[in-house]
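Below you will find the structure I want to go over with you.
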Amino acid sequence: MNTMAPSLQLVHRDDFERRTLRALVGGAALGLLAGLAEGFDLTLNPGLAVMAAALAGARPKPSTQTLLWVGVPLLAALPYLFRAGAPVPQALSGAIAAALVLWIGPGGERLGKPSEVAAGAVATGALVPLGLYVQQVMNARFFPQEGLLGALVGFSTVALFWGVGTLASHVTVHVDAVESRGGQLEDRVGGEAKELLERTRSLYRQCRTLTLKMPSGAGRDELLGVLQKMANESFTLAESHAELETQLAAVVPQDVEAQVEQLRQRASATEDAVARRQLELAASSLGEELNRLQLLARKRSRFLAQLHAQVALLERARMSLVGVAGSEASAKGAQAAHLAQRLAALGQDNPEPIDESPGASVTRLRG
């Protein structure tokens, strides 16, 4: 596998889609207001559409709502005070609004990372002038008299370009395919498994960095392959655990137990043989479902235990690589091959496969 091939990953896609749609609605609402204001000889700058888009598209935590709703109008309006020529104020206003939204209102309970905020601010700052140009062209060709429809379309266009600019904050570039796979799983895994997944990604990055510092050769390539296999097995376990979590979350075992008990009581109380048989069959069917849920719960626990073992194995690999890093350069190639064989040998003692599990065969620590 060529781990150096870069790949793009779109994270929190749902947040981006919701934000863009809400931003479009916000821009359209301000466009309607601008169209109505024309009747009173009042003119609203189309660049103000980014503020409406930002306020409509943001999804802040309750504790940061006031900060966002006050900060966006105040800070995004600052560039207009310097009386710079268009589209500089509009671009800066769009960038500031995007930075605030992507920092404290990106969606859910999370806060935006500095790299995400910077990428989104730069992209929106570049796209807002393009949106203004498109708005001017559309007005010149289709709405020369402007009016309500022209304002609606124009402001919506600027808001749409602003929303699309925030896409940059959702794009992550990976130079390693294994790392990319781990990143894609983050939104699907929760709880303790998520913590272990994040630890796996961190350990894999550290191990890979240490390995790439070794002299190139067959030993280093073999060691990279072993590390990839270990990380991929951890990701498979995390993915399987997430799938079981989803299945178990859809049904409450206590409710099924109560239904089984109720059916059995009704069966024992009825005097009709046919009705009793039907109720007993229904109770038996639900009982089988309950047994299946218990089996899934046991599988989930085993996956989590195996994931703990995989993380421990990666931790052991990291410590071994740290030791190799202090060796003479001429000896690192041979030590890399030896370490790769030793780590691969640790995975020989696999546990028994879990029935119907896609991630049954995984590397485990012996002893």
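Excluded from the calculations below are hydrogen atoms, water molecules and symmetry mates; all remaining heavy atoms, backbone and side chain alike, are included.
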Inset, instruction - Please check if V178 and M214 belong to a single hydrophobic cluster, counting links between Ile, Leu, Val, Met, Phe, Trp and Tyr side chain heavy atoms closer than 4.5 Å. - result: yes
Inset, instruction - Please examine the side chains of K299 and L295, heavy atoms only from C-beta on, and report whether any two atoms are closer than 4.5 Å. - result: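 A side-chain contact exists here, since the closest heavy-atom pair is under 4.5 Å.
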Inset, instruction - Tell me, with the steps shown, if L33 and L30 meet side chain to side chain contact (heavy atoms under 4.5 Å, CB included). - result: CA-CA 5 Å; L33 181 61; L30 188 60; 4.0 Å; yes
Legend entry - Path from F16 to L55 over hydrophobic side-chain contacts below 4.5 Å: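 No, it is not one cluster - the side chains of F16 and L55 are not joined through contacts under 4.5 Å.
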Inset, instruction - Look up atom CG in L227 and atom OH in Y204, then write down how far apart they are to the nearest 0.5 Å. - result: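 Answer for the CG-OH pair, L227 versus Y204, is 7.0 Å.
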Inset, instruction - Could you grab the distance from atom CD of E239 to atom CZ of F303, nearest 0.5 Å is fine? - result: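 Answer for the CD-CZ pair, E239 versus F303, is 10.5 Å.
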Inset, instruction - Determine whether V128 and L44 fall in the same hydrophobic cluster, where Ile, Leu, Val, Met, Phe, Trp and Tyr are linked whenever their side-chain heavy atoms lie under 4.5 Å apart. - result: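 Yes, same cluster.
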Legend entry - Minimal non-hydrogen separation, A168 against A119, with atom names: CB-O, 3.5 Å
Inset, instruction - Could you tell me the separation between the CE atom of M230 and the CZ atom of R316, rounded to the nearest 0.5 Å? - result: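 Reported to 0.5 Å precision, the distance equals 10.0 Å.
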Legend entry - side-chain contact (heavy atoms from CB on, under 4.5 Å) partner of W162, chosen from V101, T20, L24: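 Per the side-chain contact (heavy atoms from CB on, under 4.5 Å) rule, the option paired with W162 is V101, out of V101, T20, L24.
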Inset, instruction - Quick one: closest heavy-atom pair of A238 and L197, and the distance? - result: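 What the structure gives for the nearest pair is CB-CD1, 4.3 Å.
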Inset, instruction - Of all the heavy-atom pairs spanning Q135 and T157, show the shortest one and how long it is. - result: N-CG2, 4.4 Å
Inset, instruction - Indicate the atoms forming the closest heavy-atom contact of G26 with A56, along with that distance. - result: CA-CB, 3.8 Å
Legend entry - In one Ile/Leu/Val/Met/Phe/Trp/Tyr side-chain cluster, 4.5 Å: L48, L32: no
Inset, instruction - List the atom of A151, the atom of G31, and the distance in Å for their closest heavy-atom pair. - result: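 Heavy atoms only, the tightest pair is CB-O, 3.4 Å.
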Legend entry - Least distance between heavy atoms, G35 atom then L148 atom: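 Looking at all heavy atoms of both residues, the closest pair is CA-CD1, 3.8 Å.
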Inset, instruction - Compare all side-chain heavy atoms of V189 with those of L196 and state whether any distance is below 4.5 angstrom. - result: no
Legend entry - R59 side chain to G105 backbone, donor-acceptor under 3.5 Å: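 A pair under 3.5 Å: no.
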Legend entry - L314 vs S234 side-chain heavy atoms within contact, under 4.5 Å: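 Side chain of L314 against side chain of S234, heavy atoms only: contact under 4.5 Å found.
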Inset, instruction - Could you list all the side chain to side chain donor-acceptor pair (under 3.5 Å) pairs where at least one residue sits in residues 60-81, not counting sequence neighbours? - result: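 Listed by first then second residue: nothing to list.
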Legend entry - M51 vs S93 side-chain heavy atoms within contact, under 4.5 Å: yes
Inset, instruction - First locate atom OG of S169, then atom NE2 of H12, and finally report the distance between them rounded to the nearest 0.5 Å. - result: 9.0 Å
Inset, instruction - Could you state whether V322 and L203 fall into the same hydrophobic cluster, counting links through intermediate Ile, Leu, Val, Met, Phe, Trp or Tyr residues with side-chain heavy atoms under 4.5 angstrom apart? - result: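 Same hydrophobic cluster.
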Legend entry - Residues in side-chain contact (heavy atoms from CB on, under 4.5 Å) contact with A84, at least two apart in sequence or another chain: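 If we apply the side-chain contact (heavy atoms from CB on, under 4.5 Å) test to A84, skipping adjacent residues, the hits are V88, P89.
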Inset, instruction - Enter the distance from L167:CG to L127:CG here, rounded to the nearest 0.5 Å. - result: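 Answer rounded to 0.5 Å: 9.5 Å.
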Legend entry - Pairwise side-chain contact, L212 with L224, heavy-atom cut-off 4.5 Å (strictly under):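 Answer yes - side chains close enough.
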Inset, instruction - Could you grab the distance from atom OG1 of T211 to atom CD of Q228, nearest 0.5 Å is fine? - result: 10.0 Å
Legend entry - salt_bridge(E195, R199) N-O dist < 4.0 Å: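 No, this pair does not count.
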Legend entry - H170-E116 side chain donor-acceptor pair, cut-off 3.5 Å: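 Not at all, the side chains of H170 and E116 share no donor-acceptor pair under 3.5 Å.
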Inset, instruction - Go through the side-chain N and O atoms of S202 and E198 and say whether any donor and acceptor fall under 3.5 Å apart. - result: no
Inset, instruction - Evaluate the side-chain proximity of E192 to H308: yes if any heavy-atom separation is below 4.5 Å, no if none is. - result: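 They are in side-chain contact.
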Inset, instruction - May I have all residue pairs that pass salt bridge (charged side-chain N to carboxylate O under 4.0 Å, His left out) and include part of residues 18-40, sequence neighbours excluded? - result: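 Checked against salt bridge (charged side-chain N to carboxylate O under 4.0 Å, His left out) - neighbours excluded - the pairs reaching residues 18-40 are D15-R18.
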Legend entry - Any N139 side-chain heavy atom under 4.5 Å of P144 side chain: no
Inset, instruction - Find out whether S156 and L160 are in side-chain contact, i.e. whether some heavy atom of one side chain is under 4.5 Å from a heavy atom of the other. - result: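 No, too far: nothing below the 4.5 Å cut-off.
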